[in-house]
Amino acid sequence: MRAIAEEVQAHMEQASIVHCAISLFPFLSLAYCSSHTDLEKVCQELRSDENLNSMFRLDSKPISCPFVGPPFSFSYNRGHGECKALENQAESCIDDSKLLLKYQACADIQGAESSTEELQCLATWKEGRNMYLLGTLKLVGRAQASEETFRCFLYEKIHKEGKIEYYISESGDPSCNGLTSITEGARNFNFTKEEKEHVRCKYPSWVTQHHDWHFLDGSRNYHFTKGNSMLKVTFNDEMKSDEKVVCHNLEKMHPNDDMQGSKVKLVAHVASGCDTGYVCMIFHKRDGHVIEVQQSSQKSIMPHEACSLDDPSKQPFSTLITSTLHKRSCPKPGRYTVLDLVSSPQLRMPRRQRRFAKALRLSERAWKEESNEAAEGPADDCQNADVQIGCTSSGQNEMIIQESCDRRRNDIAYSCHGSWEEEGTWYTIVSRNRSVTEKETLCVSMRLSESTRELPGKVGGRVEQQELWLSRPRNFCQRGTPDQWTYKLANQGVCEDLMRAASSSASSSSLMRVSVILSIGVTVLCSILSR
Ligand SMILES: *[C@@H]1O[C@H](CO)[C@@H](O)[C@H](O)[C@H]1NC(C)=O
Ligand SMILES: *[C@@H]1O[C@H](CO)[C@@H](O)[C@H](O)[C@H]1NC(C)=O
């Protein structure tokens with residue numbers, strides 16, 4: 001008897017559950033508390049057909065559910081007939097001790113309403129041929145006393161026509177009573193392994209060649225695993241739980257799409273906690289170490305609905321980079337001076353340039369008033385800025401933005417890491433060293449515009465001017481927003497010209513810069529006046 005009691009104790013520690021004969025219990029407590037009990041007598045009272053009682057440990061540690069490889073579609077029966085709807089789905093949660101049971105309504109069957117339950121697996125054991133599972137089953141969105149949610153399951157794994165099925169019966173109360181056959185529970189299920197799980201696809205190789213990607217805005221990270229078909233998304237916001245995103249199928253973007261190009265559309269299964277569904281994603285290859293992703297904002301229940309429910313090409317782009325970036329040459333190298341500040345009315349130009357720029361600006365007043373509304377730019381009281389792209393290093397991979405703020409000149413050096421062009425606009429990933437240890441990675445956009453302007457007051461007077469529009473580096477790649485552009489720049493020449501000029505001049509470099517700007521200013525002014 002002592003041995004049984006010890007075994008009970010041991011079981012309770014191991015498996016969270018123990019079966020005991022009911023009459024054992026009064027004895028057990030006595031056996032531990034009193035030495036005067038007649039062991040023999042108590043044991044004689046114990047009958048072998050006594051009802052088994054179940055004891056569940058309330059704070060037990062969950063285990064992985066024994067149903068391997070969700071999702072499953074399932075049929076169920078609450079005693080009024082079988083509901084076979086294909087959309088009855090048992091889906092995995094990130095936590096593999098949980099399974100989400102999504103029931104669809106079956107119109108002609110009593111008690112077959114649509115609802116969702118969360119199963120959490122706590123223990124499994126074997127008794128003869130029978131496999132048992134203990135778990136809790138909670139209706140999603142309803143508060144229930146936890147003792148009431150315990151259910152016992154009897155299950156069997158079956159190989160049928162090359163498919164794996166599970167036949168499962170569920171107890172009608174928080175006990176394992178009455179569970180004798182897999183078809184005679186208070187509720188029965190047949191889980192069928194979904195075919196769709198077998199057609200897992202792979203994410204594009206140009207994405208998975210790096211296992212880790214970071215969102216430029218620092219909000220989240222992508223980690224690719226398991227033969228390149230699984231993506232784990234982690235959020236830097238601790239309130240958000242991780243997502244498992246499994247590639248489900250690749251979609252053609254046009255009839256001849258080989259789905260290997262630099263733009264790949266796919267349907268993926270997303271699971272976040274127990275919130276699961278399908279999303280449509282588009283991956284854009286930008287550079288070896290830069291990709292962009294667009295993703296539908298809603299999850300669909302069925303995979304074939306994912307791309308039609310919500311077109312991802314209308315969603316904003318997320319820009320992702322790898323942990324190590326290589327320096328690349330910057331687009332549009334050259335030396336520029338600011339003609340105008342597009343979205344920062346508080347920035348002013350020095351007098352020499354103000355006069356020079358006045359003629360150019362006269363015809364643009366309407367445009368400028370419009371853009372003054374979108375005021376967001378460098379700090380107050382900053383004067384003009386000069387910009388050098390690719391002039392200071394042999395690899396042409398540095399961009400320097402010079403600003404004068406509070407009479408102090410402020411040079412910010414950025415390294416270029418990869419660029420791409422979309423409809424005439426160049427996007428470049430740049431980084432700057434904020435301190436010895438802290439690095440900031442940003443996106444800058446540029447656009448060349450050739451403009452011909454009528455000069456007011458002079459019949460037929462025109463200026464032809466190539467301008468470079470430049471955005472302020474931001475932690476996302478701005479597209480088509482009204483305040484996208486910060487600087488409007490005029491080219492002052494290619495880097496080499498200025499370097500040559502520097503070597504032939506004995507003057508200090510800052511003096512040289514002034515004279516170059518002045519002479520170009522005069523040249524442009526002369527050409528304006530001569531027309
Ligand atoms: C499960 O399948 C078995 C064998 O085909 C069948 O007898 C049983 O009724 C099914 N149960 C449910 C709930 O679909
Ligand atoms: C930042 O620091 C690294 C390492 O010291 C250097 O290689 C890189 O050129 C620096 N970047 C800029 C923009 O100065």
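Order of listing sets the numbers, starting from 1, for every ligand and every atom in it.
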(request) Could you walk me through whether Lys160 and Tyr167 pass side-chain contact (heavy atoms from CB on, under 4.5 Å), step by step? (result) CA-CA 11 Å; Lys160 195 168 151 190; Tyr167 292 170; 3.6 Å; yes
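- Considering both main-chain and side-chain atoms, Ser75 comes within under 3.5 Å of ligand 1 through a nitrogen or oxygen pair.
- Side-chain polar atoms of Glu398 and Thr392 form a donor-acceptor pair below 3.5 angstrom.
- The presence of a protein heavy atom under 4.0 Å from atom 5 (O) of ligand 2 is ruled out.
- Near Ser415, with a cut-off below 4.0 Å to any heavy atom, the atoms of ligand 2 are 11 (N), 12 (C), 13 (C).
- Considering only non-hydrogen protein atoms, atom 8 (C) of ligand 1 sits nearest to Asn190 ND2, 3.9 Å.
- When only non-hydrogen protein atoms are considered, atom 10 (C) of ligand 2 lies nearest to Asn433 ND2, 2.6 Å.
- When only non-hydrogen protein atoms are considered, atom 13 (C) of ligand 1 lies nearest to Asn188 O, 3.6 Å.
- Distances from ligand 2 to the non-hydrogen atoms of Lys439 include no value under 4.0 Å.
- Polar contact check, Glu82 against ligand 1: a nitrogen or oxygen pair lies under 3.5 Å apart.
- Contact check for Thr234 versus His223: no side-chain heavy atoms found under the 4.5 Å cut-off.
- Distance alone, capped at 3.5 Å, is enough to place a donor-acceptor pair between the Gln484 side chain and the Gln478 backbone.
- Closest to atom 7 (O) of ligand 2 among all protein heavy atoms lies Lys327 NZ, 3.7 Å.
- Looking at heavy atoms from C-beta onward, His417 lies out of side-chain contact with Val290 at the 4.5 angstrom threshold.
- Taking the ring centre of Tyr427 as origin, the terminal cationic atom of Arg286 falls outside the region bounded by 6.0 Å and 45° from the ring axis.
- Of all the atoms in ligand 2, the ones that sit under 4.0 Å from a non-hydrogen atom of Ala413 are 13 (C).
- In this structure a side-chain-to-backbone donor-acceptor pair under 3.5 Å is present from Asn236 to Gly218.
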